[in-house]
> 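Got a structure for you, written out below as structure tokens; questions coming shortly.
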Amino acid sequence: MNHWLVKTEPNDWSWADHCKAPKRTTCWDGVRNAQAQLNLKAMAKGDKVFIYHTGKEKQIVGLATVTKTFYPDPTEETGRMGMVDLRAEKAVPSPVTLAQVKADKRFADFLLVRNSRLSVMPVGTKHWAVLCKMAGAAS
DNA sequence: GCCAACGTTGGC
DNA sequence: GCCAACGTTGGC
């Protein structure tokens, strides 16, 4: 199983919105970056995903699961962009902030730090385990 | 196919 | 609100 992190601007679509969605599931649309799209395509059903809030919060707030793999976004004109479905599992007991991550040497090569503009990224096994621990969540 | 100009994202 | 980083666009 692979692990991922996706970003969202809470004023636009927040973790709370996700939890209120039918079956706590939503299509993760709107990703328009090539590298992020490749990461979406690489997701498998059952993969675990951290949900990260950008903007004022800048912290990992919840855990989600991929329930549907990559499929085309019918509303997107070129037909090339797609999305996956994510189900909100549970909020993490203690959100992990970007400041915490940046302050930890173990995350020096983490994409969240290295490429702040990437909105969908893989999370290595070790990073995942550390982040789960920091968040007080079971890995 | 290169690269300058422009737009967007997201941290500060 | 600013600006650095990065992607994309369009003229050549």
Side-chain angles (χ1 to χ4, degrees):
Chain A
M1 185 197 296
N2 289 311
H3 300 101
W4 311 91
L5 182 146
V6 299
K7 296 181 180 176
T8 184
E9 165 56 52
N11 289 329
D12 194 42
W13 178 263
S14 70
W15 170 256
D17 292 328
H18 200 158
C19 291
K20 278 183 257 170
K23 298 183 193 170
R24 294 167 74 89
T25 300
T26 189
C27 56
W28 206 258
D29 62 357
V31 174
R32 292 291 176 269
N33 169 279
Q35 202 185 338
Q37 279 280 317
L38 285 175
N39 290 329
L40 283 181
K41 278 183 192 170
M43 288 184 184
K45 198 172 175 178
D47 281 357
K48 301 286 186 204
V49 183
F50 276 131
I51 306 289
Y52 174 91
H53 277 175
T54 60
K56 212 179 169 187
E57 293 189 33
K58 296 186 286 292
Q59 59 186 7
I60 293 167
V61 292
L63 275 163
T65 302
V66 178
T67 55
K68 186 174 180 183
T69 52
F70 190 89
Y71 60 104
D73 179 351
T75 66
E76 198 274 321
E77 318 80 49
T78 70
R80 282 180 210 142
M81 298 293 175
M83 55 202 178
V84 298
D85 283 359
L86 297 181
R87 183 178 66 225
E89 297 299 340
K90 52 177 127 182
V92 295
S94 69
V96 181
T97 66
L98 179 63
Q100 281 178 270
V101 170
K102 286 190 129 171
D104 193 320
K105 280 185 199 162
R106 289 173 292 183
F107 292 108
D109 62 346
F110 188 30
L111 283 166
L112 190 67
V113 177
R114 292 274 299 277
N115 183 359
S116 65
R117 297 192 52 192
L118 186 61
S119 59
V120 181
M121 69 192 74
V123 181
T125 307
K126 283 183 186 171
H127 283 161
W128 183 266
V130 175
L131 287 170
C132 284
K133 202 167 183 180
M134 290 167 83
S139 58

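By convention in this document, chain letters (A, B, ...) are assigned in the order of the sequence lines, proteins followed by strands, and residues within each chain are numbered from 1.
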> Once side chain to side chain donor-acceptor pair (under 3.5 Å) is applied, do any residues pair with A:W4, and if so which ones, sequence neighbours excluded?
A:D47
> Give me the other members of the hydrophobic cluster that A:M83 sits in, counting Ile, Leu, Val, Met, Phe, Trp and Tyr linked by side-chain heavy atoms under 4.5 Å, directly or via other members.
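A:Y71, which link up through side-chain heavy atoms under 4.5 Å apart, make up the rest of the cluster.
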> Could you tell me how far apart A:N33 (CG) and C:dG7 (P) are, to the nearest whole angstrom?
6 Å
> Identify the pairs formed between an N or O of the protein and an N or O of nucleotides 8-12 of chain B at a distance under 3.5 Å, and give each distance.
from: B:dT8; atom 1: O2; to: A:R117; atom 2: NH1; distance (Å): 3.4
from: B:dT8; atom 1: O2; to: A:R117; atom 2: NH2; distance (Å): 2.8
from: B:dT9; atom 1: O4'; to: A:R117; atom 2: NH2; distance (Å): 3.4
from: B:dT9; atom 1: O2; to: A:R117; atom 2: NE; distance (Å): 3.4
from: B:dG11; atom 1: OP1; to: A:Y52; atom 2: OH; distance (Å): 3.2
from: B:dC12; atom 1: OP1; to: A:K102; atom 2: NZ; distance (Å): 2.6

> Could you tell me which non-hydrogen atom of A:D17 sits nearest to which non-hydrogen atom of A:D12, and how far apart they are?
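Result for this residue pair: OD2-O, 4.3 Å.
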> What pairs with A:F50 under ring pair (Phe, Tyr, Trp, His ring centres under 6.0 Å), at least two apart in sequence or on another chain?
A:W128
> Taking only residues two or more places apart in sequence or in another chain, which ones pass salt bridge (Lys or Arg N to Asp or Glu O under 4.0 Å) with A:R106?
A:D104
> Provide, to the nearest angstrom, the distance between the CE atom belonging to A:M81 and the C1' atom belonging to C:dG7.
11 Å
> Test of understanding: with side-chain contact (heavy atoms from CB on, under 4.5 Å), list the residues that count as partners of A:K133, not counting sequence neighbours.
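Scan of A:K133 (side-chain contact (heavy atoms from CB on, under 4.5 Å), adjacent residues dropped) gives none.
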> What N/O pairs connect the protein and nucleotides 1-3 of chain B at under 3.5 Å? Give each pair on its own line.
none

> My understanding is that only residues two or more places apart in sequence, or in another chain, count here; which of them pass side-chain contact (heavy atoms from CB on, under 4.5 Å) with A:E57?
A:P10, A:H53, A:Q59, A:V61
> For A:R24, give me all partners under salt bridge (Lys or Arg N to Asp or Glu O under 4.0 Å), at least two apart in sequence or on another chain.
none
